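Numbers restart at 1 for each chain; the letters A, B, ... are given by sequence-line order, proteins then strands. Just so you know, these numbers come straight off a predicted model, no measurement behind them. Side chains included, hydrogens not; waters and symmetry mates left out as well; all remaining heavy atoms used.
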Protein chains: 2
Amino acid sequence: MSSHESGRRATIADVARSAGVATSTASVVFSGKAKVSAATRAKVLAAAADLGYTGPDPRAASLRRGRSGIVAVVLEGHLRAAFLDPVTTAMMDGLTDGLADLSAGILLLRDDPRESDGSALANAPVDAVVLIGCSGRTRASLDIVRSRGLPVVVIEGDAGEGVPRIVLDNAAAAADVARHVRDLGHRDVALVTLPLDTARERMPVTPARVETATVDVTIDRLEGMWSIFPDAPAISASGSLIDEGQRVGRMLLADAEHRPTAILAQSDLLAVGVIRAAEELGLRVPEDLSVAGFDGIAVDGLGGLVLTTSVQPAVQKGRAAGEQVAQMLKGEPGVTVHFTCRFRAGTTTAARPAQP
Amino acid sequence: MSSHESGRRATIADVARSAGVATSTASVVFSGKAKVSAATRAKVLAAAADLGYTGPDPRAASLRRGRSGIVAVVLEGHLRAAFLDPVTTAMMDGLTDGLADLSAGILLLRDDPRESDGSALANAPVDAVVLIGCSGRTRASLDIVRSRGLPVVVIEGDAGEGVPRIVLDNAAAAADVARHVRDLGHRDVALVTLPLDTARERMPVTPARVETATVDVTIDRLEGMWSIFPDAPAISASGSLIDEGQRVGRMLLADAEHRPTAILAQSDLLAVGVIRAAEELGLRVPEDLSVAGFDGIAVDGLGGLVLTTSVQPAVQKGRAAGEQVAQMLKGEPGVTVHFTCRFRAGTTTAARPAQP
DNA sequence: TTGTAGGCGTTATCAA
DNA sequence: TTGATAACGCCTACAA
């Protein structure tokens, strides 16, 4: 049907001319911003169909409107790693919800340390930005965003003054888990932490080392755990992965003489890895070893066990971020939103085994 | 430092005026498209800093250039579900690679069945589109994209004529795995397939049922498996998840009288679930039951076992898609790229156990 | 090396 | 209900 096959794509002006109406009228037919008589609408639509015009060019529309309908989400590190983390994906899920009213798209960006200023973030046609994560690198991204004057929300990160954040009671929640384990009688407890900084090195964690750590989540949860077990040895994992938890678990359980009776992990995935390591060594969970995690995600493949953990409202965090963005885009100021975790006693923790 | 705090954001024209140069000169200072004397550049930069101008407005730039620097990736179903699948995340990873030259951002979209035409895809300021997945819904997205005249690449899906695709030899690769198992002497074999359609129902799969299936990947792999074991019973899983594999595994292994000696799963995650189900029943893998998967992903948490599987080049698929997009954006035609899987014998398959 | 001018495709405003 | 007009902010021939 499309007859007029010229080299150029048809514009709304072409459509209007062909339909014998003003461009503004044709525009309104597509935007629905004003009333148009049925006859005129039909004429315009027919002309559009004839010319193969499928609607306004989003680029021109966003220039004119001052809105692109896109919200950037800045993730730390490789996208792949980010999406390997169930908490991140849950947050993204909530974010799409919270942004639903805007029907905004989500532009995935990583805070790339390499391209310092030519950053995609500096040139992306976005209306607002959500920063996820926390390390020092986020600060650089934050500076770019603020200088562009874009609304921004930071999820669990170190934001400057006046930047709306989504925060979690990490320290308190971690302390809750630790308290539960202490109340079960455990005294010999070891910790598995999330990475301390962007170097993501697997290593023993000392209070001195924590001074130089940059990941707030790790620091806060560790603080909560140490508040109950001040002397608990800790090893930082290189990432929140089951296999990584298994590796660290092996390290912590290697010495049969000085084996902890409980291990607290800073994420559920790490906890599952620790359980695997225990099973490898023939230790029963929770009879021989209690294991607790953090996050409360649906762990795929834990058999019949239910992990003792602190359930964080990951989806809600994402949704709240989306809602704040939506609000700021309406011109109202964004606010910092606090969330709390809920302790969940599972079947992976039990009373301290009787000492031989 | 930023003195001129007027209501409006500064534009490049403001900067030029303030610096006492032409707008084109100021523009060039930021784009670097032509040579500018050091003195002029300094003047412009100083004026920009003074006015709080941080660079060209991406919206205006993209209208002018006709490019937004954004590529849309359309995923099937909830984003959360998509990123739960390691193959998808690996592909996304490769995609970012393949798109690196363009330094394009990735806009995440889902093919939402609800909003049929007002779809975000119709109004997103993107330069090209990558469609991942396969079901009927993809067709609707494809139509929108084609009517917009955007370059598009389809990864493992049913594309129309003339649409570049990224395809995998699913049937042949699945047959390879099946052949390996047959050569080990197995005759009583059962299959666990991926979902047949968007309904994602867990159910027995009959040849008649396959007629109405819409997911190409599932159909092709099943065809390959049935080519070797024509009578193998099959059950479709509701998704590619460990827990789901475990459920289906329990179903297939429930009847001790007619227990298969080998189970072929259409994904590694499903295979891991089947192994869990076997362990639950006290069956040893591979001594009592051989299990094979598909994908060759790094399965997190399989203990010491190495899964027998067909390794698909997921990252390369994504990269190829990105490269085709890049090529089409340069004006050259995109081509369909074929990839083949590589069979990998692991330790989860062994000779058929002697019958009692 | 710098300046001029026209237009990218829309949409908001206002008047008719 | 429709039409004319003026931006939106930038880029790039082309001329000087």
Donor-acceptor pairs under 3.5 angstrom involving side-chain atoms of residues 325-338 of chain A: please list them, not counting sequence neighbours.
unit_1: A:T336; atom_1: OG1; unit_2: A:R165; atom_2: N; d: 3.1

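- Of the side-chain N and O atoms in A:S37, none sit less than 4.0 angstrom from OP1 or OP2 of D:dT1.
- In this structure, CZ of A:R59 is placed 14 Å from C1' of D:dC10, rounded to the nearest angstrom.
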Is there a side chain to side chain contact (heavy atoms under 4.5 Å, CB included) between A:I132 and A:M91? Walk through the geometry before answering. CA-CA 9 Å; A:I132 297 181; A:M91 281 195 316; 3.6 Å; yes
For nucleotides 10-16 of chain C, read 5' to 3', which letter fits each nucleotide if B means a protein heavy atom sits under 4.0 Å from the base, S means only the sugar-phosphate is that close, and - means neither? BBB----
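- Checked for salt-bridge contact, B:R59 and A:D127 meet the test: a charged N lies under 4.0 Å from a carboxylate O.
- The pair A:D14-A:R17 meets the salt-bridge criterion, since a charged nitrogen lies less than 4.0 angstrom from a carboxylate oxygen.
- Rounded to whole angstrom, the span from the CZ atom of B:R17 across to the P atom of C:dT4 amounts to 13 Å.
- Contact annotation: the side chain of A:F30 approaches that of A:I12 to within less than 4.5 Å [non-hydrogen atoms, C-beta and beyond].
- Whole-Å rounding puts the B:D127 CG to C:dC8 C1' distance at 15 Å.
- Defined by atom type and a distance below 3.5 Å, a donor-acceptor pair is present between the side-chain atoms of A:S37 and A:T40.
- Between the side chain of B:T23 and the backbone N or O of B:A16 there is no donor-acceptor pair closer than 3.5 Å.
- Here the P atom of nucleotide C:dG9 and the CG atom of A:L63 are 12 Å apart, to the nearest Å.
- Over its length, the helix from C:dT1-D:dA16 to C:dA16-D:dT1 turns its helix axis by 30°, as judged from the five terminal pairs at each end, rounded to 10°.
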Between B:V73 and B:L75, does the side chain to side chain contact (heavy atoms under 4.5 Å, CB included) criterion hold? Intermediate values first, please. CA-CA 6 Å; B:V73 174; B:L75 297 160; 4.2 Å; yes
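- Residue B:T40 is classed as a sugar-phosphate contact, given heavy-atom separations below 4.0 Å to backbone atoms only.
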